Engineer: 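First the structure, then my questions, so here it is.
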Amino acid sequence: MDIKTPYIWKNWEFLEWDNTLEHNLTHTLHYGWWVFEGIRFYDTEKWPKVFRLDTHIDRLLYSAKVMWMDLDYSRAELIQATIDTVAKNGEKSGYIRPIIFYWYGKMWLYPKGATIDTAISVWKWWRYISDDAITVKVSKTRRIHPATTDMAAKICGNYANSILVSLEVHNGWFQEWLLLDTEGFIAEGPGENIFLVTADNQVFTPELGTILPGITRATIIELLKKELWIDVIETKIMPSELSSFKEAFFTWTAAEVTAIWSITQENWEKVLFSSGDENSLTNKIKKIYLDVVSWKNEKYKNWLY
Ligand code: PMP
């Protein structure tokens with residue numbers, strides 16, 4: 001699958017896709033000092049529209065602040081640059097990746113004074129993972145501890161943890177991983193938040209602290225309340241409690257709502273779920289979410305740009 005699009009936006013100009021290479025001594029390349037976002041835009045009855053762009057840009061600017069990056073442009077300018085990049089590339093739907101990083105000029109760890117670059121790429125990404133219910137394994141690698149980083153920021157360095165988890169290959173038996181925090185509670189997937197549903201449709205999700213506060217997570221919490229009158233319970237959940245749930249699903253920008261078919265615990269005990277069923281709550285909220293992101297639900301049209 002070729003994800004290539006014609007242009008990448010960089011520091012207020014459009015460069016050709018193949019013409020954006022960085023210098024070998026780019027600070028970011030050595031120490032991972034960069035921040036990013038993952039955003040989706042959707043084919044709608046009008047023009048391609050970007051879902052919750054303002055919220056994503058706010059998280060990006062928060063991440064940049066955590067990393068002490070002095071930016072010489074505004075939130076509004078960055079929002080406009082993202083919209084322009086989508087329009088310029090002519091794709092109807094896909095993924096958007098803004099990054100802010102320290103460029104060439106300083107080689108010591110303290111990077112203040114190095115030049116900051118900002119780039120926005122757009123690529124074609126129809127499906128990130130299977131649309132059917134997936135198999136999940138609890139990883140042996142634990143989620144990074146909140147005392148060691150800022151969990152609410154999308155900082156490149158935090159992703160070494162997610163990649164390490166994704167490398168735990170079990171002969172292709174599993175499609176995704178679930179990380180526990182250092183105290184043994186359920187945290188999140190390497191790139192997604194998790195929700196669990198009881199037989200009487202109570203919905204639970206791990207509380208903030210050891211997880212990225214996902215924008216899809218917040219959207220699903222709001223939609224469950226406003227559309228299905230369900231108050232999500234944000235709390236600590238032990239893996240030993242998994243068998244008391246009937247459904248489980250992941251939420252993430254890249255793949256929206258992903259039903260979970262099974263979670264295999266650290267001790268190889270397997271818990272099965274009915275999340276993939278046609279009449280499951282997972283399926284219901286997935287449909288509501290997909291309608292909202294494709295600008296079909298009047299009430300949430302202001303979430304799209
Ligand atoms: N957790 C982690 C670790 C992530 O990287 C992501 C984003 N890929 C998420 C959760 C989901 O966040 P969002 O819904 O904002 O995409």
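As the structure is a computational prediction, the values presented were derived from the model and not from experiment. Every number for a ligand or one of its atoms is a count from 1 in the order of the listing. Along the sequence shown, residues are numbered consecutively beginning with 1.
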Engineer: For ligand 1, which of its N or O atoms have a protein N or O partner closer than 3.5 Å, and how long is each gap?
Structural biologist:
unit_1	atom_1	unit_2	atom_2	d
ligand 1	1 (N)	Glu188	OE1	2.7
ligand 1	5 (O)	Tyr159	OH	2.3
ligand 1	8 (N)	Gly191	O	3.0
ligand 1	14 (O)	Ile215	N	3.3
ligand 1	14 (O)	Thr216	N	2.9
ligand 1	14 (O)	Thr216	OG1	2.5
ligand 1	15 (O)	Arg59	NH1	3.0
ligand 1	15 (O)	Arg59	NH2	2.9
ligand 1	15 (O)	Ile215	N	2.8
ligand 1	16 (O)	Thr253	N	3.0
ligand 1	16 (O)	Thr253	OG1	2.7

Engineer: What is the ring orientation for Phe174 with Trp268, classed by angle as parallel under 30°, tilted 30 to 60°, or perpendicular over 60°?
Structural biologist: tilted

Engineer: If we ignore hydrogens and angles and just use 3.5 Å, is the side chain of Tyr31 paired with the main-chain N or O of Met107 as donor and acceptor?
Structural biologist: yes

Engineer: Which of parallel (below 30°), tilted (30 to 60°) and perpendicular (above 60°) describes Phe51 and Tyr42?
Structural biologist: perpendicular

Engineer: Do Trp103 and Glu22 have side-chain atoms, one donor and one acceptor, less than 3.5 Å apart?
Structural biologist: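 Yes, a side-chain donor-acceptor pair sits under 3.5 Å.
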
Engineer: Can a donor-acceptor pair be found between the side chains of Thr5 and Glu91 at a distance below 3.5 Å?
Structural biologist: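 There is no such pair between these side chains.
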
Engineer: Could you tell me if Trp173 and Thr135 have a donor-acceptor pair between their side chains, going purely by distance under 3.5 Å?
Structural biologist: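 Side-chain D/A pair, Thr135 to Trp173: absent.
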
